[in-house]
Amino acid sequence: MPRTDRDERRARILAVVDCIPKGRVASYGQVAREAGLPRHARLVGRVLKDLPAKNPVPWHRVVNSAGKISLRPGSARQRQRLAREGVLFSRSGRIDLARYRWTPLDDDSEPSR
DNA sequence: ATCTTGACTTCGG
DNA sequence: TCCGAAGCCAAGA
């Protein structure tokens, strides 16, 4: 069990990220809200940044509110992982959130529209 | 306690 | 659509 408040929040954030289905994405802010931590989008980013390589959580399914990859170095890797799951990128490198955004309860289902 | 950082977000122009 | 500014907030130093 998490001992500190910090570990507690970290665990909740990762739990949410772990729920994002293959082929769908969520924004940092969305993950924060669903983890019960509104206004903590940046915390989500920090947690993912410090994520051990061994951790299997689908960190690549988290993008910013503009539908773009926030990772500076390494964006190619994240993009490739998403593409491999069927997530299409626009010419400007953006993901159509209206189409790929994950909403709890949709838990699977192919992207529509 | 104070100041800086940043895998963020929203709002204007 | 593309910035820049402002708002936000936990961590580090």
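Chain letters run A, B, ... following the sequence lines, proteins first and then strands; every chain starts at 1. Everything quoted here is computed from the prediction, not taken from an experiment.
- Side-chain atoms of A/D96 and A/F89, non-hydrogen and from C-beta on, never get closer than 4.5 Å to each other.
- Of the possible donor and acceptor atoms, one in the side chain of A/R24 sits under 3.5 Å from a partner among the backbone N and O of A/R101.
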Check nucleotides 6-10 of chain C for protein N or O atoms closer than 3.5 Å to its own N or O atoms and list the pairs.
unit_1: C/dC9; atom_1: OP1; unit_2: A/R39; atom_2: NE; d: 2.6
unit_1: C/dA10; atom_1: O3'; unit_2: A/R46; atom_2: NH1; d: 3.4
unit_1: C/dA10; atom_1: N3; unit_2: A/R46; atom_2: NH2; d: 3.1

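- Counting only residues at least two apart or on different chains, the side-chain hydrogen bond (donor to acceptor under 3.5 Å, both in side chains) pairs with a member in residues 62-74 of chain A are A/N64-A/S70.
- With sequence neighbours left out, A/R10 forms a salt bridge (charged side-chain N to carboxylate O under 4.0 Å, His left out) with no residue at all.
- At a threshold of 4.5 Å between non-hydrogen side-chain atoms, the residues A/Y100 and A/L88 count as touching.
- Looking at residues 71-95 of chain A, you'll see A/R94 sit with a heavy atom under 4.0 Å from some atom of DNA chain C.
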Would A/W59 and A/L71 count as a side chain to side chain contact (heavy atoms under 4.5 Å, CB included) here? Give the steps.
CA-CA 11 Å; A/W59 53 270; A/L71 255 189; 4.2 Å; yes
Enumerate, atom names and distances included, each donor-acceptor pair closer than 3.5 Å involving a side-chain atom of residues 37-48 of chain A, sequence neighbours excluded.
none

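- Contacts between chain A and DNA chain B, taken as any atom within less than 4.0 angstrom of a protein heavy atom, begin and end at B/dG6 to B/dT10.
- Looking only at distances, a side-chain donor or acceptor of A/Q30 sits under 3.5 Å from a matching main-chain atom of A/S27.
- Two residues are said to be in side-chain contact when any heavy atoms from C-beta on lie closer than 4.5 Å; A/W102 and A/V25 fail this criterion.
- The stretch residues 54-69 of chain A touches DNA chain B through A/W59, A/N64, A/S65, each having a heavy atom within less than 4.0 Å of the strand.
- Of all heavy-atom pairs between A/P58 and A/I20, the closest is CG-O, 4.1 Å.
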Sequence neighbours left out, cut at 3.5 Å: what donor-acceptor pairs do the side chains of residues 75-87 of chain A make with other protein atoms?
unit_1: A/Q78; atom_1: NE2; unit_2: A/H60; atom_2: O; d: 2.9
unit_1: A/Q78; atom_1: NE2; unit_2: A/V62; atom_2: O; d: 3.0
unit_1: A/E85; atom_1: OE1; unit_2: A/G23; atom_2: N; d: 3.0
unit_1: A/E85; atom_1: OE1; unit_2: A/R61; atom_2: NH1; d: 3.2
unit_1: A/E85; atom_1: OE2; unit_2: A/H60; atom_2: NE2; d: 2.8
unit_1: A/E85; atom_1: OE2; unit_2: A/R61; atom_2: NH1; d: 2.5

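- Partners of A/R12 by side chain to side chain donor-acceptor pair (under 3.5 Å), not counting sequence neighbours: none found.
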